[in-house]
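Given the structure is predicted, the values throughout are model-derived calculations rather than measurements.
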Amino acid sequence: MQQYPFIFSNERKYRIWRHVAFWGFWSLFQGFLYAFIPIPAPFGYLHRIPSTMFDSLMFLAPHMLFSYSLMYFVIPVYVVKNKYLLAGIWVLILIMATASVSATIAVYVLEPVKAFFLPQKFLLPPIHGVRGQFALSLLAGLRGGLTIGGSAAAIKLMKHWYVEGQRNLQLQKENIESQLQLLKAQIHPHFLFNTLNNIYSYTQNTSQIASKLVMGLSDILRYMLYECNQSLVPLSKELKMIEEYVNLERIRYGNKLEIHVDLPSQTQHLFISPLLLLPFIENCFKHGISNVLEHPWMNLNISVEDDVMSMKLLNSKSIAERPFHKPGIGIENAQRRLELVYPNKHELIINNEEEIFIVNLKLQLEKKEGFYKPIAQTTAVALNT
């Protein structure tokens, strides 16, 4: 799609030139086509062009109204969502409205306006039975509206299907690449967990903090290796993993860090793409808290309402950093995943201010009955400096 920016790019300059080219071509096409209407001598073909071009420009307004109504209302609201009956009703309404407006222009507006703007030598005599009769003008307007409206709708649909197809292919390609990368980096799970269990058994009697760290790390790795091979995982498990991760960081920083975490106790059979939220949490510690020398803090609030999950994440950051420093690669990857996996189903707002980094995320999740495992009760912990 990047190879054909004039056709597929959403940049303003390309969109404007696409529309200008489309309507410019249609105006010229209509003007030259109308000039073939038989007119008595001495009006030759070239002599008719100024008048027919003016006719074409006058009918451009209803044609544009009809075409844009199809492209930006009927198709995205009804056709794409498979609401074909409502789409058909709206198309009929718009067709009749366009034909009526075109007929009104042809019968009552066109000739007086042409007489005002065009020299007398370019004015063509009215054709009996076309401009003189509203019904025939209505049919003529109907024909023109259907032609241009159908062409615009066809272009819009073909572009939509092509872009969707390319997006799906890109998603499949990225999924395959991510699976290959995971296989390359994966350590044999049984060896890894056996080693962690051995370390845990040796640290139980010598250091309780070390035991907690090993157990927390083991739980996170088990989730990543065994649970995240599916496209969707229970939201309860994803939140439990985040809770384990935050607990590990809490032990690492000790009393130097103030942490407040609020997670929902009920997730209502909701499922989420695995490891989607973790990059935002990691970013707090890696690019924010770790650089703060005095009073570092982090606040995480996740709530669920029906099938919508809301996350608000705030963390302190060093004043010495640039206020609009670009977030880490993890945030960029998370944004890309949201665009690919949750198109039109998420809202992400990131505010990178002078002393605070704020992430607001709303996500429409998939609900599946028959599997529900609640996580621990709402966690609300504050460790003061």
Side-chain angles (χ1 to χ4, degrees), residues 1-37 52-107 109-110 130 134-171 339-340 342-345:
M1 290 186 288
Q2 295 179 351
Q3 298 177 353
Y4 309 101
F6 182 79
I7 300 175
F8 296 106
S9 176
N10 286 323
E11 291 185 31
R12 184 179 179 85
K13 62 178 182 179
Y14 290 116
R15 296 185 66 184
I16 291 175
W17 280 113
R18 277 202 303 267
H19 289 255
V20 170
F22 179 82
W23 292 111
F25 173 79
W26 174 247
S27 299
L28 293 174
F29 174 77
Q30 278 199 123
F32 287 114
L33 183 66
Y34 289 164
F36 281 104
I37 297 175
T52 56
M53 285 295 177
F54 196 91
D55 292 351
S56 177
L57 293 175
M58 290 293 293
F59 290 121
L60 203 58
H63 290 170
M64 293 177 69
L65 179 62
F66 178 50
S67 300
Y68 286 127
S69 298
L70 289 178
M71 289 190 293
Y72 297 108
F73 173 63
V74 175
I75 291 176
V77 175
Y78 297 108
V79 176
V80 173
K81 297 180 180 179
N82 300 326
K83 299 178 181 179
Y84 299 120
L85 179 59
L86 291 174
I89 294 173
W90 271 107
V91 169
L92 290 176
I93 293 173
L94 292 171
I95 286 174
M96 295 310 301
T98 303
S100 300
V101 173
S102 298
T104 302
I105 292 175
V107 175
V109 179
L110 190 60
V130 177
F134 187 86
L136 293 179
S137 298
L138 185 69
L139 292 176
L142 185 65
R143 180 186 58 198
L146 284 174
T147 302
I148 187 59
S151 300
I155 293 173
K156 180 72 174 180
L157 284 173
M158 286 190 293
K159 180 182 174 182
H160 170 78
W161 287 328
Y162 180 80
V163 171
E164 283 295 305
Q166 292 298 310
R167 189 184 71 84
N168 291 334
L169 290 175
Q170 181 67 20
L171 179 59
E339 294 172 358
L340 292 171
Y342 293 96
N344 303 319
K345 291 185 179 181

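- The structure places CZ of Arg18 at 3.5 Å from NZ of Lys159, a figure rounded to the nearest 0.5 Å.
- Aromatic pair His63/Tyr68: ring centres not closer than 6.0 Å.
- Leu85 CG to Lys83 NZ: the interatomic distance, rounded to the nearest 0.5 Å, is 11.5 Å.
- The shortest side-chain heavy-atom distance between Met53 and Leu28 falls under the 4.5 Å cut-off.
- Between Ile155 and Phe22, some side-chain heavy-atom pair lies under the 4.5 Å cut-off.
- The distance from the OG atom of Ser27 to the CG atom of Leu60 is 4.0 Å, given to the nearest 0.5 Å.
- Taken to the nearest 0.5 Å, the OG atom of Ser67 stands 5.0 Å off from the CD1 atom of Ile148.
- Trp26 and Phe29 have their aromatic ring centers within a separation under 6.0 angstrom.
- For the atom pair Met64 CE and Phe59 CZ, the distance stands at 15.5 Å (nearest 0.5 Å).
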* Do Lys156 and His160 pass the side chain to side chain contact (heavy atoms under 4.5 Å, CB included) test, and can you show the C-alpha distance, the side-chain angles, and the key distance before you say yes or no? -> CA-CA 6 Å; Lys156 180 72 174 180; His160 170 78; 5.6 Å; no

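- Taken to the nearest 0.5 Å, the OH atom of Tyr84 stands 15.5 Å off from the CD1 atom of Ile89.
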* So Leu70 and Leu94, side chain to side chain contact (heavy atoms under 4.5 Å, CB included) or not? Walk me through it. -> CA-CA 8 Å; Leu70 289 178; Leu94 292 171; 4.3 Å; yes

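- Ring to ring, Tyr78 and Phe73 are close: their centroids are under 6.0 angstrom apart.
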